[in-house]
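A quick write-up on the structure given underneath.
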Amino acid sequence: MIKINFTLRPSDLTAKLQRFWQLSGEKIYLIENNYDVSKGSPVFTRQGKYVTRGWTEWTQGFLYGSMILQYDATGEKEFLETGRRNIIKLMAPHISHVGVHDHGFNNVSTYGNLLRLMKEGKIPFNEWEKDYYALALKISGAIQARRWTIIKGGGFIYSFNGPHSLFVDTLRSCRSLILSHCLGHVLQSEGDQQISLMERAVEHMKTTANYSIYYGEGRDSYDVLGRTAHESIFNVNDGSFRCPNAQQGYSGFTTWTRGLAWAICGFAEEIEWFDAVKDAYISGPDVKKDILPFLIKAARAACDFYIGNCPTDGVPYWDTGAPNLYKLGDYLNKPADPFNDFEPVDSSAAAIAAQGLLRLGRYLQQKGEKESGDRYWQTGLTVINAIFDDPYLSTSQTHQGLLLHCIYHRPNGWDYIPPGSKIPNGESAMWGDYHAREAALYIQRMINHETYHTFFNIL
């Protein structure tokens with residue numbers, strides 16, 4: 001269980017953030033100067049060097065989005081110029097990619113960040129440039145919404161596995177639909193039928209809350225409050241739910257902790273969106289009254305499960321049901337050990353979850369729920385304090401990764417095991433590095449009293 005530091009303040013992390021951004025810039029240069037993008041997008045490191053690994057090209061947006069975040073945090077224009085140049089040159093195929101559920105990762109992280117910076121006044125305003133970024137986001141949201149499975153009582157954006165498959169991480173692609181909708185766009189189908197992107201986003205969120213998250217209500221023999229399924233399987237003929245599943249976790253009846261982290265982050269940022277958005281954007285106040293209870297219930301459950309099933313420092317092992325965890329003894333009552341002989345940790349899950357914990361905590365604080373809000377907020381700070389230090393922050397001048405001890409796909413055996421070790425450790429992943437930067441930017445803006453950082457600052 002996480003040992004929450006209730007005395008930690010954002011300003012206490014100032015020195016760590018300064019060191020973090022210095023190292024972050026060095027890592028970006030290492031990749032830009034040494035990685036051959038013709039081989040495919042960098043995914044994770046092997047012996048400290050980024051390599052590709054084909055499933056889909058879902059990490060390219062993190063690569064160039066990291067450059068934009070670096071500029072946002074430091075003001076170093078070379079990162080803006082390099083990132084923007086590569087986005088314009090290389091990211092267009094992702095806008096119209098019909099075969100994936102990753103539009104939020106690729107397009108909100110790039111075109112969304114650039115449009116956000118322009119709206120915030122951090123890059124010069126240019127009408128055509130603004131319209132270019134907005135057009136990319138409009139198309140991306142509609143294309144993502146086209147991957148739609150109808151089920152009893154709703155529907156969902158289906159994963160690259162096919163129409164039967166709901167992934168919990170697709171919550172973060174709901175951002176694409178939200179932004180596209182708010183920029184005035186719709187999905188236009190056969191016979192010029194206009195399909196609301198906001199309605200599809202809301203239905204997807206509800207379906208995820210209903211099926212990906214467990215609430216201790218007896219859905220199955222392993223129904224524990226906050227347990228999260230990476231994948232939910234449906235019968236596409238009649239729209240009925242069949243079973244939980246996992247692609248990257250140990251099983252459908254355990255919790256893959258990165259999937260849990262996607263839920264924490266995704267629900268929290270969507271809560272913020274619906275709380276802040278004007279009713280005119282979402283067809284009236286009833287939508288808020290309907291969806292917010294679903295999101296808040298799911299976010300609380302996921303956050304509570306994370307806090308109760310992590311080691312004391314807030315860095316989780318890769319799956320809460322990993323088969324050899326018992327060999328670690330009382331592992332939940334001591335800090336995570338990335339160098340153990342039995343099961344790897346996943347620091348990328350910590351980076352993703354930290355941001356969600358902070359966002360949910362702040363939301364509840366503002367709503368007068370001080371005790372719960374403080375608990376989540378301080379947990380987020382506690383996690384960041386751990387991962388922005390040894391042994392998680394990469395200080396090697398030759399290692400291209402920023403956040404160490406990330407895991408990609410343990411069941412498939414894709415992660416590198418160094419000589420002398422029995423488990424993967426010491427490596428980075430593009431999503432871990434990106435979300436560490438996103439969390440760092442979030443905290444830094446709070447410290448500096450800058451504009452509060454959200455994905456919807458483009459409006």
Side-chain angles (χ1 to χ4, degrees), residues 2 151-157 166-175 177-178 198-220 222-232 234 241 244 252-253 255-257 259-277 282 285-310 320 349 352-380 454:
I2 298 176
I151 63 170
K152 295 177 180 178
F156 62 87
I157 301 163
L166 166 67
F167 274 12
V168 68
D169 29 308
T170 311
L171 271 175
R172 293 215 81 200
S173 282
C174 286
R175 295 175 300 165
L177 279 67
I178 289 170
M198 181 56 64
E199 288 178 8
R200 287 215 163 165
V202 168
E203 285 194 17
H204 181 91
M205 294 172 202
K206 281 186 177 180
T207 301
T208 303
N210 283 334
Y211 293 101
S212 300
I213 310 299
Y214 285 73
Y215 301 99
E217 297 171 349
R219 280 178 59 193
D220 60 34
Y222 307 99
D223 187 345
V224 177
L225 180 66
R227 182 186 126 212
T228 299
H230 177 203
E231 185 178 33
S232 299
F234 292 82
F241 173 73
F253 297 97
T255 294
W256 174 53
T257 52
L260 175 65
W262 291 132
I264 292 170
C265 187
F267 284 126
E269 64 188 354
E270 287 154 6
I271 290 167
E272 288 185 319
W273 156 253
F274 281 105
D275 183 58
V277 68
I282 53 174
D286 288 344
V287 176
K288 285 188 182 183
K289 292 178 181 178
D290 182 39
I291 187 62
L292 274 171
F294 280 89
L295 302 180
I296 294 168
K297 179 182 178 181
R300 286 181 186 270
C303 287
D304 289 344
F305 186 89
Y306 187 90
I307 292 170
N309 288 273
C310 269
T320 62
I352 297 161
Q355 182 184 161
L357 286 157
L358 291 167
R359 292 186 184 278
L360 180 63
R362 179 179 180 272
Y363 169 81
L364 293 174
Q365 288 170 341
Q366 292 182 330
K367 298 303 176 183
E369 295 190 40
K370 187 178 186 305
E371 184 176 351
S372 294
D374 287 353
R375 180 170 179 259
Y376 297 135
W377 175 263
Q378 294 301 141
T379 302
T454 72

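Owing to the predicted nature of the structure, the values given are computational and were not obtained by experimental measurement.
- Within the 4.5 Å cutoff, the side chain of Lys297 has no heavy atoms near those of the Arg300 side chain.
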Practice problem: Could you give me the CA-CA distance, side-chain angles and deciding distance for Ile178 and Met205, then say whether side-chain contact (heavy atoms from CB on, under 4.5 Å) is met? | Solution: CA-CA 12 Å; Ile178 289 170; Met205 294 172 202; 3.7 Å; yes

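- In this structure, Glu269 CD and Gln355 CD are separated by 6.5 Å, a value rounded to the nearest 0.5 Å.
- A distance of 7.5 Å separates CZ of Arg362 from CH2 of Trp377, quoted to the nearest 0.5 Å.
- Side-chain atoms of Phe234 and Thr207, non-hydrogen and from C-beta on, do get closer than 4.5 Å to each other.
- Environment of CD in Gln365: crowded, with over 12 heavy atoms of neighbouring residues, nucleotides or ligands closer than 6.0 Å.
- Remark: Arg375 engages Asp304 in a salt bridge (charged side-chain N to carboxylate O under 4.0 Å, His left out) (not counting sequence neighbours).
- The shortest heavy-atom contact between Gly216 and Asp223 is N-OD1, 2.7 Å.
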Quiz item: Stepwise, does the side-chain contact (heavy atoms from CB on, under 4.5 Å) test hold for Tyr214 with Thr255?
Solution: CA-CA 10 Å; Tyr214 285 73; Thr255 294; over 6 Å; no

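- Looking at Phe241 and Ile151, their side chains never come closer than 4.5 Å, going by heavy atoms from C-beta outward.
- Note that the CG atom of Leu295 and the NZ atom of Lys288 stand 12.5 Å from one another [nearest 0.5 Å].
- A 4.5 Å side-chain heavy-atom check between Asp275 and Lys367 finds at least one atom pair inside the cut-off.
- Counting heavy atoms from C-beta on, the side chains of Tyr376 and Leu364 come closer than 4.5 Å.
- The ring of Tyr211 has its center no closer than 6.0 angstrom to the ring center of Phe156.
- Contact check for Phe294 versus Asn210: side-chain heavy atoms found under the 4.5 Å cut-off.
- The two residues Asp290 and Pro293 come nearest to each other via the heavy atoms O-CD, 3.6 Å.
- Note: Lys289 NZ to Phe274 CZ = 15.0 Å, rounded to the nearest 0.5 Å.
- Between Tyr215 and Ala298, the shortest heavy-atom contact is OH-CB, 3.3 Å.
- Within the 4.5 Å cutoff, no side-chain heavy atoms of Leu360 are placed close to those of Phe267.
- Atoms CH2 and OG1, on Trp262 and Thr208 in that order, are 14.0 Å from each other to the nearest 0.5 Å.
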Quiz item: Are Leu260 and Asn309 close enough, and set up right, to give a side-chain contact (heavy atoms from CB on, under 4.5 Å), and what steps lead you there?
Solution: CA-CA 11 Å; Leu260 175 65; Asn309 288 273; over 6 Å; no

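- For Ser212 against Leu166, the heavy-atom pair with the smallest separation is OG-CD2, 3.9 Å.
- Below 30°, between 30° and 60°, or above 60°: for Trp256 and His230 the angle between ring planes is between 30° and 60°, a tilted geometry.
- To the nearest 0.5 Å, atoms CG (Leu357) and CD (Gln378) are separated by 11.5 Å.
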Practice problem: With side-chain contact (heavy atoms from CB on, under 4.5 Å) as the test, would you mind laying out the steps for Ile264 and Ile352 before giving the verdict? | Solution: CA-CA 8 Å; Ile264 292 170; Ile352 297 161; over 6 Å; no

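- Closest heavy-atom contact between Ala229 and Val168: O-CB, 3.7 Å.
- The nearest pair of heavy atoms linking Ala268 to Arg359 is CB-CB, 3.9 Å.
- Contact check for Ile291 versus Lys206: side-chain heavy atoms found under the 4.5 Å cut-off.
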